[in-house]
Amino acid sequence: MKRMSVMLAIVFSMFAFTHIVHAQAGSVLHVNAGYLNPNDSKGGMLIGVMLGKEIDDAVDVAFGVDFMHKTYSDQTPVATEEAAGTTIQTEEKLVDYTRTILPLKIALNVKIPAGRYFGYYINGSLSYQFLFSKEKNYDLETSESRTYKGLGWQAAGGIFYHVGSRSTLTTEVFYNSCEVTRDLEKSTKGLPVSERIDLSGLGFRLGVILDIR
């Protein structure tokens, strides 16, 4: 119940912030897509959106969300054989993972002009990150769904290019820092017993900033 209350409060705050920002002049919309490689999970595609308020022509404050969904398996070799000069390796699937990473964040975005149309782009954000993990053990025929959460931050740097009077392209490298945890009540035999997962890692993304005044 406490976890659900925290999630509802965060979502409500996001919608309230979105409504206030959209009603004011100087609103901007950030849309991006890229790749994140967390330490304790497989890497995958990441998409995100932020809605913010311009402080001036170079700086805006925004609230947004990222989304990453990845399915992968742990496998182990069980046999290796040679056939017609080709090595054939047989692997056994142990555990299937389906994981969704969902960071909710508030960010400060800064553009530093270096010319008429281009310049440098930096970004810093604080976040509250969720990991929803579903695991299935094929050997023991057991499965479990787990939810992790924790505070984190992101820092990014790259370049921007104005493609129109109200649109700007960005490309950046970023670092995500976060360890998510869960309250462990009981474990299921044969499944990984983990209370803490490190989602920290490097990534890159391409984006567009739209002036929606």
Side-chain angles (χ1 to χ4, degrees), residues 6-39 43-69 100-131 149-180 199-213:
V6 171
M7 292 180 64
L8 289 175
I10 293 173
V11 172
F12 177 79
S13 298
M14 181 178 67
F15 279 107
F17 181 85
T18 299
H19 176 74
I20 293 171
V21 167
H22 186 68
Q24 297 179 1
S27 298
V28 290
L29 178 68
H30 298 249
V31 181
N32 57 72
Y35 184 89
L36 173 64
N37 188 31
N39 290 334
M45 297 300 296
L46 183 78
I47 60 174
V49 61
M50 293 190 296
L51 185 61
K53 175 70 171 63
E54 288 183 333
I55 297 176
D56 55 34
D57 291 339
V59 180
D60 70 80
V61 178
F63 192 95
V65 60
D66 290 332
F67 177 83
M68 174 180 167
H69 184 76
T100 300
I101 300 174
L102 192 72
L104 302 176
K105 59 186 183 179
I106 183 166
L108 179 69
N109 307 293
V110 181
K111 298 193 293 289
I112 304 172
R116 182 177 179 183
Y117 297 106
F118 66 95
Y120 302 103
Y121 178 78
I122 58 176
N123 168 287
S125 65
L126 297 177
S127 63
Y128 196 82
Q129 302 188 20
F130 294 91
L131 170 64
K149 60 186 183 298
L151 293 172
W153 56 268
Q154 287 185 9
I159 59 176
F160 74 86
Y161 182 78
H162 292 302
V163 294
S165 61
R166 302 180 67 177
S167 57
T168 302
L169 294 180
T170 63
T171 178
E172 63 185 51
V173 175
F174 71 95
Y175 181 76
N176 182 68
S177 176
C178 184
E179 286 191 348
V180 290
L199 299 182
S200 301
L202 286 172
F204 69 89
R205 55 191 167 207
L206 303 173
V208 60
I209 304 174
L210 302 173
D211 185 342
I212 56 174
R213 286 178 288 187

Mind running side chain to side chain contact (heavy atoms under 4.5 Å, CB included) on Thr170 and Asn32 for me, showing each step along the way? CA-CA 9 Å; Thr170 63; Asn32 57 72; 5.8 Å; no
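- Side-chain contact check for Leu46 versus Phe174: some heavy-atom pair is nearer than 4.5 Å.
- With sequence neighbours left out, Tyr175 forms a ring-ring contact (aromatic ring centres under 6.0 Å, His included) with Trp153.
- In this structure, Asp66 and Ile101 have side chains that are not in contact, with every pair of non-hydrogen atoms separated by 4.5 Å or more.
- Asn39 CG to Glu179 CD: the interatomic distance, rounded to the nearest 0.5 Å, is 9.0 Å.
- In terms of the side-chain hydrogen bond (donor to acceptor under 3.5 Å, both in side chains) criterion, Asn37 has no residue partners (sequence neighbours excluded).
- Distance check: Lys53 NZ to Ser27 OG gives 7.0 Å after rounding to the nearest 0.5 Å.
- For Ile47, the side-chain contact (heavy atoms from CB on, under 4.5 Å) partners two or more places apart in sequence, or in a different chain, are Ala33, Phe67.
- Side-chain atoms of Gln129 and Asn176 form a donor-acceptor pair, as typed in the model, at a separation below 3.5 Å.
- Every side-chain hydrogen bond (donor to acceptor under 3.5 Å, both in side chains) that Ser200 has, sequence neighbours left out, goes to Asp198.
- Nearest approach of Ala62 to Met50, heavy atoms of both residues: CB-CB, 3.9 Å.
- In this structure, Asp60 and His30 have side chains that are in contact, with non-hydrogen atoms separated by less than 4.5 Å.
- In plain terms, the two heavy atoms of Ser127 and Lys105 that are nearest each other are CB-CB, 3.7 Å.
- Counting non-hydrogen atoms of neighbouring residues, nucleotides and ligands closer than 6.0 angstrom, the CG atom of Asp56 exceeds 12 such neighbours.
- Scanning both residues, Pro38 and Gly43, for their nearest heavy atoms gives CD-CA, 3.9 Å.
- The side chain to side chain donor-acceptor pair (under 3.5 Å) contacts involving residues 155-167 comprise His162-Thr168, where partners must be two or more places apart or lie in separate chains.
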Pairs of donor and acceptor atoms involving the side chains of residues 111-126, under 3.5 Å and at least two apart or interchain, shall be tabulated with distances.
residue	atom	partner	partner atom	Å
Tyr121	OH	Asn109	OD1	3.2
Asn123	ND2	Asn109	OD1	2.3

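- Side-chain contact check for Leu51 versus Ile212: some heavy-atom pair is nearer than 4.5 Å.
- In this structure the side chain of Val59 reaches within 4.5 angstrom of the side chain of Leu108, judged on heavy atoms.
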